J.: 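Dumping the structure here so I can ask a few things about it.
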Amino acid sequence: MNTLGILFTVSMIAWFISEFLYKNMLKSEKEDKKNQDKSTLNILWVAIPFSIGASVIISYNTHFPILKGNRILYVGEFLIILGIVFRFIIIRSLGKYFTVDVTIKQDHKIKKEGFYKYLRHPSYAFSLVTSLGLGLYLNNWLSLLFAFVPPFLAFAYRIKIEEQALVERFGNEYIEYRKKTKKLIPFIY
């Protein structure tokens, strides 16, 4: 296995371990307002592993290259690492307000600085950057489709549920914040 292949394997293991740790360590607490998740966490935990497995299997069994040569592998690996690292930074920046299940804390405040000045859901955006990186690394149009679309659909549903909870809790403050920011892509979407 070459250096890039080793880096890819290590980054995929790091991705899995980090998400597993988030899921098990960053759950809502007993006193938090719960029952707002509507199974979005479970949907994500089905969609993302399915998309990873399906995209890898497809890449081994079909040949629909995005580009010739190895450059796309480097771009893909760069995006995988970028997504993992920035998702970690964003989760740390939210501190106790980040939970893996849709939850509003008692003293919850809307974060509007840093990445949140431009995006309402930057941790989801960078998770999707990782998925995009996987699809590019596999250099297969079908793999790219399977790597990106299931997580995107799962996050889109989660965003809808999460924003309903935030509007319910914060009302006009969140509605005004939503008017000034984008969901996942700065200045675009």
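In this chain, numbering begins with 1 at the start of the sequence shown. Quantities reported herein were computed from a predicted structural model and do not represent experimental measurements. Because only heavy atoms are used, hydrogens play no part in the values below, and waters and symmetry mates are left out as well, while side chains stay in.
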J.: Let me check something: do Ile57 and Leu136 share a hydrophobic cluster, defined by ILVMFWY side-chain heavy atoms less than 4.5 Å apart, either directly or through other members?
T.: no

J.: Do Glu173 and Lys112 come within less than 4.5 Å of each other through their side chains, counting heavy atoms only?
T.: yes

J.: Same cluster for Phe86 and Ile185 if Ile/Leu/Val/Met/Phe/Trp/Tyr side chains link at under 4.5 Å?
T.: yes

J.: Taking Ser55's backbone N and O only, do any of them form a donor-acceptor pair with Ser143's side chain (distance below 3.5 Å, no angle check)?
T.: yes

J.: Do Leu132 and Leu144 have side-chain heavy atoms sitting under 4.5 Å apart?
T.: yes

J.: Under the side chain to side chain contact (heavy atoms under 4.5 Å, CB included) rule, what do Lys182 and Ile188 come out as? Steps first, then yes or no, please.
T.: CA-CA 7 Å; Lys182 297 296 182 184; Ile188 298 170; 5.8 Å; no

J.: With rounding to the nearest 0.5 Å, note down the distance linking CD1 in Ile48 to CH2 in Trp15.
T.: 6.5 Å

J.: Same hydrophobic cluster for Ile90 and Tyr189, using side-chain heavy-atom links shorter than 4.5 Å among ILVMFWY?
T.: yes

J.: May I ask you to decide whether Glu162 forms a salt bridge with Lys183, counting only side-chain N to carboxylate O separations under 4.0 Å?
T.: no

J.: Do the non-hydrogen side-chain atoms of Leu119 and Pro186 ever get within less than 4.5 Å of each other?
T.: yes

J.: If the condition is ring pair (Phe, Tyr, Trp, His ring centres under 6.0 Å), which residues does Tyr157 pass it with, not counting sequence neighbours?
T.: none

J.: Is there a chain of hydrophobic side chains (I, L, V, M, F, W, Y, each step under 4.5 Å between heavy atoms) that links Phe64 to Phe146?
T.: yes

J.: Can you confirm whether Thr9 sits close enough to Met12 that some side-chain heavy atom of one is under 4.5 Å from a side-chain heavy atom of the other?
T.: no

J.: Could you measure the distance from the CG atom of Leu73 to the CG atom of Leu4? Nearest 0.5 Å is fine.
T.: 6.0 Å

J.: How long is the span from the CG atom in Asn61 to the CG atom in Asn140, to the nearest 0.5 Å?
T.: 10.0 Å

J.: Rounded to the nearest 0.5 Å, what separates atom CG in Leu142 from atom CD1 in Ile58?
T.: 5.5 Å

J.: Under a 3.5 Å distance rule, please check whether Ser127 uses its side chain to pair with a backbone N or O of Tyr124 as donor and acceptor.
T.: no

J.: What pair of heavy atoms forms the shortest contact from Ile6 to Met1, and how long is it?
T.: N-SD, 3.4 Å

J.: Looking at side-chain heavy atoms only, is the closest gap between Ser123 and Phe98 below 4.5 Å?
T.: yes

J.: Minimum heavy-atom separation for His121 and Glu163, please, with both atom names.
T.: NE2-OE2, 2.8 Å

J.: Could you check, using the six-membered ring where one of them is a Trp, whether Phe126 and Phe115 have ring centers closer than 6.0 angstrom?
T.: yes

J.: Provide the closest heavy-atom pair for Ser51 versus Pro151 in the form atom of the first, atom of the second, distance.
T.: OG-CG, 3.4 Å

J.: Could you check Asp101, Thr99, Ile91 and say which one makes a side chain to side chain contact (heavy atoms under 4.5 Å, CB included) with Leu26?
T.: Ile91

J.: Roughly how far, to the nearest 0.5 Å, is the NZ atom of Lys23 from the CH2 atom of Trp45?
T.: 6.5 Å

J.: Whether Arg87 and Glu19 form a salt bridge (side-chain N of Lys/Arg under 4.0 Å from carboxylate O of Asp/Glu) is what I want to check.
T.: yes

J.: Is there a side-chain contact between Thr130 and Leu134 (heavy atoms, below 4.5 Å)?
T.: no

J.: Considering only NZ, NE, NH1 and NH2 on the basic side and carboxylate oxygens on the acidic side, decide whether Glu113 and Lys111 come within less than 4.0 Å.
T.: yes

J.: Can Asn42 and Val46 be said to form a side chain to side chain contact (heavy atoms under 4.5 Å, CB included), step by step?
T.: CA-CA 6 Å; Asn42 294 332; Val46 169; 5.7 Å; no

J.: Determine whether Tyr116 and Leu94 make a side-chain contact, defined as any pair of heavy atoms from C-beta on separated by less than 4.5 Å.
T.: yes

J.: Donor-acceptor check, side chain of Asn172 to backbone of Ile175, threshold 3.5 angstrom: yes or no?
T.: no

J.: Ignoring hydrogens, what is the shortest heavy-atom contact between Asp107 and Tyr97? Give both atom names and the distance.
T.: O-OH, 3.0 Å

J.: Hey, could you give me the CZ/CG distance between Phe152 and Leu184, rounded to the nearest 0.5 Å?
T.: 6.5 Å

J.: Compile the donor-acceptor pairs under 3.5 Å between side chains in residues 75-83 and protein atoms, sequence neighbours left out, one pair per line.
T.:
residue, atom, partner, partner atom, Å
Glu77, OE1, Ser11, OG, 3.3
Glu77, OE2, Ser11, OG, 2.9

J.: Among Lys180, Lys179, Arg178, find the residue that satisfies the salt bridge (charged side-chain N to carboxylate O under 4.0 Å, His left out) test when tested with Glu176.
T.: Lys179

J.: Under 3.5 Å, is there a donor on one side chain and an acceptor on the other for Tyr174 and Glu168?
T.: no

J.: Do Val10 and Val56 sit in one hydrophobic cluster, given that two such residues count as connected whenever their side-chain heavy atoms are within less than 4.5 Å of each other, even indirectly?
T.: no

J.: Locate the shortest heavy-atom distance separating His108 from Arg169; write the atom from each residue and the value.
T.: O-NH2, 4.0 Å

J.: If you define the side chain from C-beta out and look only at heavy atoms, does anything of Asn139 sit under 4.5 Å from Ser59?
T.: no

J.: Which class fits the ring pair Tyr137 and Phe8: parallel under 30°, tilted 30 to 60°, perpendicular over 60°?
T.: parallel

